[in-house]
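These notes are about the structure you will find just below.
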Amino acid sequence: MTKNSRTLLGMLTPSSNTALEPITSAMVAGLPNVSVHFSRFRVTEISLGSTALGQFDLDKILDAAKLLADAEVDVIAWNGTSAGWLGFETDEALCRQITEATGIPATTSVLALNEILEQTGVKELGLVTPYLDDVQQRIIANYARRGIQCTAERHLDLRKNFEFSEVDSDTLTRLVNEVAVQRPQAITTFCTNLHAAPLARALEAQTGIPVYDTISTVIWKSMKLAGLDTRALSEWGQLFARGE
């Protein structure tokens, strides 16, 4: 660790997201000398329209990453799921460019999710999102190309990013339980503007299936890159209990 034994985790945040900042701050609140820091760039709508897709141009995200670098963070993470519909290679390119520009290790919610799915041999995935149908189908197709079948899915057909954060816990619980009926090997709540991460442990107990929220996955990988023991966050779900 650096900065007088402090660990600083940097998060790139969609401008209209109101879930990930309080959740990530709550997750690390009990970790000594660990804090999370945020840099926003404009994201207001999730769709396959050209304007919505243009929100994720690398230059815009890199500008926000460079601001985080001014804070001398130990890790820079894109706390968002755009690679799900844009293609996983977009996050790989983003991480390379962030590290080239700042010298700081980088990760993303989706790359971290894909890493845990690979580590645990998941080939059948349950997918829960707030997204439009065509966005959902694009995510399913990208996972199919990776050799992972989304054998059960639910989505809310929402477009406005701010509205994702207003989905209540009862709705999220219902969607996950509906997906769990098909017994996938894992379930992901795939959006960083859902208040799903605090539900993961209870949902795992109800369903007997690992639940990987994309806010949790990026914290998990950020901690690993910063040399922190993820088992300190075991109360947030099976993901963190792995420890390796």
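The structure presented is a predicted model; accordingly, all values stated were derived computationally and were not measured. Sequence positions, counted from 1, serve as the residue numbers for this chain.
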What distance separates [X] [atom1] from [Y] [atom2], expressed to the nearest 0.5 Å?
X    : Y    : atom1 : atom2 : value
S222 : D74  : OG    : CG    : 10.5 Å
L58  : K60  : CG    : NZ    : 11.0 Å
L20  : S25  : CG    : OG    : 9.0 Å
T108 : N79  : OG1   : CG    : 9.5 Å
I104 : I76  : CD1   : CD1   : 4.0 Å
R159 : L132 : CZ    : CG    : 5.0 Å

So if you build clusters from Ile, Leu, Val, Met, Phe, Trp, Tyr with side-chain heavy-atom gaps below 4.5 Å, do [X] and [Y] land together?
X    : Y    : answer
L156 : I215 : yes
V73  : L111 : no
L67  : L8   : no

Between [Y] and [X], is the closest basic N to carboxylate O distance under 4.0 Å?
X    : Y    : value
E115 : K221 : yes
R183 : E124 : no
E100 : R96  : no

Please determine, by modelled atom types, if [X] and [Y] share a side-chain donor-acceptor pair under 3.5 angstrom.
X    : Y    : value
T151 : Q149 : no
N177 : Q206 : yes
S109 : T192 : no
D213 : T189 : yes

Count the heavy atoms of every other residue, nucleotide or ligand shown that sit under 6.0 Å from [atom1] of [X], and state whether that count exceeds 12.
X    : atom1 : result
E118 : CD    : no
R40  : CZ    : yes
K160 : NZ    : no

Using every non-hydrogen atom in the two residues, find where [X] and [Y] come nearest and quote the distance to one decimal.
X    : Y    : value
N33  : S5   : CB-O, 3.4 Å
Y143 : C150 : CB-SG, 4.2 Å
P198 : I23  : CD-CD1, 4.1 Å
A52  : S47  : CB-OG, 3.3 Å

Report yes if the distance between the aromatic ring centroids of W220 and Y212 is under 6.0 Å, otherwise no.
no
Side chains of [X] and [Y], heavy atoms from C-beta outward: is any pair under 4.5 Å?
X    : Y    : answer
L9   : H37  : no
F240 : S216 : yes
T18  : F162 : yes
L233 : M223 : yes
T129 : V135 : no
R42  : P14  : no
S39  : M11  : no
P210 : T120 : no

Any sub-3.5 Å donor-acceptor pair from [X]'s side-chain atoms to [Y]'s backbone N or O?
X    : Y    : value
E204 : V211 : yes
T90  : L86  : no
T173 : D170 : no
N142 : F88  : no
N193 : N17  : no

Paired with W78, the side-chain contact (heavy atoms from CB on, under 4.5 Å) test is passed by just one of L94, T13, I98, namely L94
Worked check of side chain to side chain donor-acceptor pair (under 3.5 Å) between D168 and T171:
CA-CA 5 Å; D168 61 39; T171 299; 2.8 Å; yes
Between R146 and N114, does a side-chain contact (heavy atoms from CB on, under 4.5 Å) hold up when you go through it step by step?
CA-CA 9 Å; R146 193 177 173 87; N114 291 351; 3.6 Å; yes
Would you please test W236 and M27 for side-chain contact (heavy atoms from CB on, under 4.5 Å) and show each step?
CA-CA 8 Å; W236 290 86; M27 292 174 86; 3.6 Å; yes
Evaluate the criterion side-chain contact (heavy atoms from CB on, under 4.5 Å) for residue pair L225 and T107; output intermediate values, then yes/no.
CA-CA 9 Å; L225 288 172; T107 189; 3.9 Å; yes
Would you please test Q136 and E153 for side-chain contact (heavy atoms from CB on, under 4.5 Å) and show each step?
CA-CA 9 Å; Q136 187 85 341; E153 65 85 17; 2.9 Å; yes
Quick one: sort the Y131 and W85 rings into parallel, tilted or perpendicular, breaks at 30° and 60°.
perpendicular
